[in-house]
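What follows is a single structure, written as structure tokens, with notes after it.
Both ligands and their constituent atoms are indexed starting at 1 by order of listing.
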Amino acid sequence: ARGTGCVTLRGAQIRDLLDAKHNVLFDCDGVIWNGETAVTGAPEVVSLLKQRGKRVFFVTNNCTRPRENYVQKFSRLGFTDVAEEEIFSSAYCSAAYLRDVARLQGKVYVIGCGGVMKELRDAGVPVAEEEDAEPGASIYTCPLDPDVKAVLVGYDENFTFMKLAKACCYLRSPECLFLATDPDPWHPLRGGRVTPGSGSLTAALETASSRKATVIGKPSRFMFECISSQFGLDPARSLMIGDRLETDVLFGSNCGLTTVLTLTGVSTLEEALAYRDGQEPQQKDCVPDYVMESVADFLQALEE
Ligand code: PLP
Ligand code: CA
């Protein structure tokens, strides 16, 4: 095998890896569930890891739900012992960033959905009201709020040209922050369909504003800092398990974590090998240390 990484995990190796780690960070969609269906064995793996004294965290770029809503989803899908404090979403972390890092003095204009709005409200970050589009509203006459000091872009099924135009006007001011919940390009849906991700909306606004957004979700280090500031994790004793090389694995590399790619989601072994064996040095950060078919492969090591 050329290069390093992409080692297929088996038997005793799995046990040794778990022995060496104290914290396990799971991506959600594509790793522990696909949409509304749990990955077979995933709830048992999470429970057993906890019983073995591991600390478990969930790190998702999905900004559409507030944390309390995730707690319900976990329990609905058979994960019986997951607490709100263990769930770190790009919506929760974006709100934490605006409150604690940017210390926003003013309002944030949001292109996004209910999950983002709820987390911002819970964090006490003022949001610019979006009036319902009136008939005849135009890019010349739609009101702009002079208190807006940040624009945050996330997944928004009600994305419109008007929202893009307004955000673009706010970003003319260099003092106005430009944040993105996550850079995900698209997501798989049932039946072979896909939906455009937040990253595609951010890209439109980046082009329109000639600016680059600060990304809060994976692969940015900020999500790990968020977890670390609350739980004090040692990166060397932490494992990141994901299904997307350009977000989850790169996130792990950026934060100094050991990375595992599972093949129940977006990225394939071939794509991982292509990064490993390709010429571009910066692609090496997308190469997982280990590859496993599914998180269920942890079961045997945990049940003994
Ligand atoms: N954002 C949206 C809107 C999604 O639907 C999904 C996956 O379903 C994600 C992000 C990615 O979530 P995760 O980081 O848990 O894979
Ligand atoms: Ca995923």
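A donor-acceptor contact closer than 3.5 angstrom links the side chains of S198 and D182. Counted by atom type alone, Y275 and E246 present one or more donor-acceptor pairs between their side chains at under 3.5 Å.
For the Ca ion (ligand 2), the nearest N, O or S atom contributed by D27 is named OD2.
Ring-plane geometry between W33 and F79 is classed as perpendicular, the angle between the planes exceeding 60 degrees on a 0 to 90 degree scale with a lower cut at 30.
Ordered by chain and residue number, the residues placing a heavy atom less than 4.0 Å from ligand 1 are D27, C28, D29, T60, N61, N62, T64, Y155, D184, H187, K218.
Geometry at the Ca ion (ligand 2): O/D29 and OD1/D243 form an angle of 90°, nearest 10 degrees.
At least one test fails for R15 against the ring of F298: distance under 6.0 Å to the centre or angle within 45° of the axis.
Legend: residues meeting ring-ring contact (aromatic ring centres under 6.0 Å, His included) with F178, ordered by chain and number and at least two apart, are absent.
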Output side-chain donor-acceptor pairs under 3.5 Å for residues 94-104, partner residues at least two apart or in another chain, one line each.
unit_1	atom_1	unit_2	atom_2	d
S94	OG	S90	O	2.6

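Clustering of Ile, Leu, Val, Met, Phe, Trp and Tyr side chains at separations under 4.5 Å places V194 together with W186, V266.
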